[in-house]
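These numbers were taken from a predicted model, which means no experiment stands behind them. Proteins come first, then strands; the chains are lettered A, B, ... in the order of their sequence lines, and each starts at number 1.
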There are 4 protein chains.
Amino acid sequence: MFKIDQRGSTPIYQQLVQQVKEAVLKGILQPGDKLPSVRELAVRLTMNPNTIQKSYQELERQRVIETLRGRGTFVSLHYKPSKGKEKMSVFEEDLRNLLVEAHYLGLDRAKIMQLVGRLLEELKIGEGDS
Amino acid sequence: MFKIDQRGSTPIYQQLVQQVKEAVLKGILQPGDKLPSVRELAVRLTMNPNTIQKSYQELERQRVIETLRGRGTFVSLHYKPSKGKEKMSVFEEDLRNLLVEAHYLGLDRAKIMQLVGRLLEELKIGEGDS
Amino acid sequence: MFKIDQRGSTPIYQQLVQQVKEAVLKGILQPGDKLPSVRELAVRLTMNPNTIQKSYQELERQRVIETLRGRGTFVSLHYKPSKGKEKMSVFEEDLRNLLVEAHYLGLDRAKIMQLVGRLLEELKIGEGDS
Amino acid sequence: MFKIDQRGSTPIYQQLVQQVKEAVLKGILQPGDKLPSVRELAVRLTMNPNTIQKSYQELERQRVIETLRGRGTFVSLHYKPSKGKEKMSVFEEDLRNLLVEAHYLGLDRAKIMQLVGRLLEELKIGEGDS
DNA sequence: GTGGTCTAGACCACA
DNA sequence: GTGGTCTAGACCACG
């Protein structure tokens, strides 16, 4: 279900955070669904349980998942977009940097817009009704 | 000319790499232009010359700038989009992750497309003839 | 395991790069093997950890080794000959220069071919199936 | 007549040394031929005269050329292969390193031998009768 | 003057 | 424990 790239610069725990969020977004994980336990996932992904733990903590901090003591961890029923304007400007900066990279990879405006469009479909990001 | 954020997680040598690439892209730095010397820039940005060095060497590896021995460093006359398909898939992965973030920030499809469009203008990324 | 010439004009970080590549080629280091940690090797070779770092990073850029975060650095499982035609012409140029030197050292065609043959044996370079 | 690569790691003055030696080897420059004056060559190659000077000094040190005061510089009538065994081992080391590179460029034994053979032809290196 | 290498010593994030 | 970043200060070859 999750694919981790051991090499590559992004930290493993962040990759997991990303993938859980993506799964929720796509509807693969529905609100209320139970996530695998830390230990189980550690075995399946052959990772250190501490790393899984760190991912879950980060996801909980972002209100994407919730932990019910003794029951397990579940996808939050209502997640709220946070919208801090600080986060927005960080996001915009990241996006700008990525677009610079795109140009140095030989992509022009049309190809970039097309790629963004395709990924939005794939991620099922549409109007704000989600 | 360059603005470095001393705190913040992204390494400052990478920030400089990004900003030089962005400046070249926008035309602020033209092919053939001389870059400030390592020492001079170190003084202006109040950072260590070694750090500037690291940035310049990375930029040279990426063929964005060239070093003429004893004369200084210059913006490359012809930089070639590299196009490695591996780099492309890394890029696509990064973009996907960023779009997931966008959604969690409350942006819908329309707002994302609009933002991308605006940034492309700002960076002067147009058709492939640039 | 590695022998570094502290004096002599070639940078010692490059010497280390060369020797690692040679060790991999000879099979002394097998794909998947763990390299000594930066700190440990620094102690063993009595050099600065930063210098070792530089070597390792260069080797990683060349895809000879891979870094697994927090676990260490390893010989790449699959390294691919890069084959850039630009690199090829640089190589041919270097080889030409070296052959000119050979002549000025008093070596004739036969002795040169013999020496090349001997070194190829020593390095275990054979048919393309290695 | 001489082609200098301003970028690239090998020092300009060494490139010139190399090319003069190569020209002598090929017979383009014959023993007794007059070399261009420092100033003239500096103009033709758009280089700093000091750099040309350095090249000529190095060539003279290697006994490839001779300077006749007030007359100019000439290709030596009899150059003697030096054969210092120290130089030989340096040469062998350089050759070994280059062969390692060859392998990482995807060349196998046959292709390397073929390339060496071609270059020897091109440089007119034959039996020891030169 | 330019960039390139090296050391010493410090701090940090990741697993 | 691992590698990655940064500073301070030094020395060198090149043009």
| request: Strictly below 4.0 Å, heavy-atom distances to any atom of DNA chain E: list the hits from residues 1-21 of chain A, or just say none. | output: A/Pro11, A/Ile12, A/Tyr13

| query | Does B/Glu66 use its side chain to pair, donor to acceptor, with the backbone of B/Glu60 at less than 3.5 Å? | reply | no

| request: Please report the closest heavy-atom contact between B/Thr46 and B/Gln6, naming both atoms and the distance. | output: O-NE2, 3.8 Å

| task | Look at all strands and tell whether C/Gln57 reaches a base, only sugar-phosphate, or nothing, counting heavy atoms closer than 4.0 Å. | result | sugar-phosphate

| request: Could you say whether B/Glu40 or B/Asn50 is positioned toward the 5' end of DNA chain E, judged by the nucleotide with the nearest heavy atom to each? | output: B/Glu40

| query | Pick one: which of B/Asn97, B/Val90, B/Leu95 meets side-chain contact (heavy atoms from CB on, under 4.5 Å) with B/Glu93? | reply | B/Asn97

| Would you say the side-chain atoms of A/Gln57 and A/Gln53 include a donor-acceptor pair closer than 3.5 Å? | no

| message | Around atom CZ of D/Arg63, are there more than 12 heavy atoms from other residues, nucleotides or ligands closer than 6.0 Å? | response | no

| chain A contact limits on DNA chain E, taken 5' to 3' with a cut-off of 4.0 angstrom to heavy atoms | E/dC14 to E/dA15

| Main-chain N/O of D/Gly8 paired with B/Arg69 side-chain donor or acceptor, under 3.5 Å | yes

| Toward the 5' end of DNA chain F, which comes first, D/Thr51 or C/Val38, by nearest nucleotide? | C/Val38

| So, is D/Lys54 near the phosphate of F/dG15, with a side-chain N or O under 4.0 Å from OP1 or OP2? | no

| remark: All stems that DNA chain E takes part in, i.e. 3 or more consecutive Watson-Crick or G-U pairs with distances under 3.5 Å, are E:1-14 with F:1-14

| message | Both C/Arg71 and B/Arg71 contact DNA chain E. Taking the nearest nucleotide for each, which residue is further toward the 5' end? | response | B/Arg71

| said: Less than 4.0 angstrom from a charged side-chain N to a carboxylate O is my criterion; do B/Lys87 and A/Glu101 meet it? | reply: no

| Does CZ in A/Arg7 sit with more than 12 non-hydrogen atoms of other residues, nucleotides or ligands closer than 6.0 Å? | no

| field | Pairing of C/Glu22 and D/Arg96 as salt bridge, 4.0 angstrom limit | value | yes

| note | Heavy-atom closest pair (B/Thr51 atom, B/Ile12 atom, distance to 0.1 Å) is CG2-CG1, 3.8 Å

| task | Assess whether atom CZ of D/Arg39 is packed by more than 12 heavy atoms of other residues, nucleotides or ligands within 6.0 Å. | result | no

